[in-house]
Amino acid sequence: MVETNRKMVEVLREKGYAEGENLLVIEDEGATHNEYYWLRRFPDAVLWLFGG
């Protein structure tokens with residue numbers, strides 16, 4: 001899954017997205033794709049999305 005996400009980030013950058021402006025990339029070492037890890041990242045994601 002990490003490699004697929006990296007490819008997506010590359011596509012987004014090619015389309016003009018920029019980290020710190022309209023792109024946030026986080027690789028959570030050891031995390032898996034499930035609710036527990038989503039919950040850990042959710043508060044920061046919401047703040048980033050809505051300019052908090």
Side-chain angles (χ1 to χ4, degrees):
M1 187 170 293
V2 172
E3 188 58 36
T4 302
N5 286 337
R6 288 177 180 167
K7 289 177 183 176
M8 184 64 187
V9 168
E10 184 179 325
V11 168
L12 291 171
R13 287 181 179 144
E14 289 171 1
K15 294 196 174 289
Y17 288 82
E19 284 191 66
E21 292 180 31
N22 54 8
L23 178 63
L24 177 64
V25 179
I26 297 174
E27 290 186 14
D28 195 349
E29 183 75 29
T32 57
H33 191 69
N34 65 41
E35 291 84 354
Y36 172 77
Y37 290 102
W38 301 336
L39 177 64
R40 289 179 45 192
R41 292 185 298 272
F42 185 76
D44 289 337
V46 169
L47 288 174
W48 185 82
L49 284 168
F50 296 102

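Basis for what follows: all heavy atoms, side chains included, without hydrogens, waters or symmetry-related copies.
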**Student:** With sequence neighbours excluded, what pairs up with Glu3 under the side-chain hydrogen bond (donor to acceptor under 3.5 Å, both in side chains) test?
**Tutor:** none
**Student:** Enter the distance from Asn34:CG to Leu39:CG here, rounded to the nearest 0.5 Å.
**Tutor:** 10.0 Å
**Student:** In terms of hydrophobic clusters joined by side-chain contacts under 4.5 Å, are Leu24 and Phe42 together?
**Tutor:** yes
**Student:** Which heavy atom of Tyr37 sits nearest to which heavy atom of Ala31, and what is that distance?
**Tutor:** CD2-CB, 3.4 Å
**Student:** Got a sec, which residues hit side-chain contact (heavy atoms from CB on, under 4.5 Å) with Val2, two or more places apart in sequence or on another chain?
**Tutor:** Arg6, Glu27
**Student:** The criterion is side-chain contact (heavy atoms from CB on, under 4.5 Å); which residues satisfy it with Leu23, sequence neighbours excluded?
**Tutor:** Val9, Leu12, Arg13, Tyr17, Glu19, Val25
**Student:** Pairs in or reaching into residues 32-44: which pass salt bridge (Lys or Arg N to Asp or Glu O under 4.0 Å), with residues at least two apart or in two chains?
**Tutor:** Asp28-Arg41
**Student:** Taking only residues two or more places apart in sequence, or in another chain, which ones meet Glu14 in a side-chain contact (heavy atoms from CB on, under 4.5 Å)?
**Tutor:** Glu10
**Student:** What are the two closest heavy atoms between Glu21 and Trp48, and how far apart are they?
**Tutor:** O-CZ2, 4.4 Å
**Student:** Report the residues that fulfil side-chain contact (heavy atoms from CB on, under 4.5 Å) with Thr4, sequence neighbours left out, ordered by chain and then residue number.
**Tutor:** none
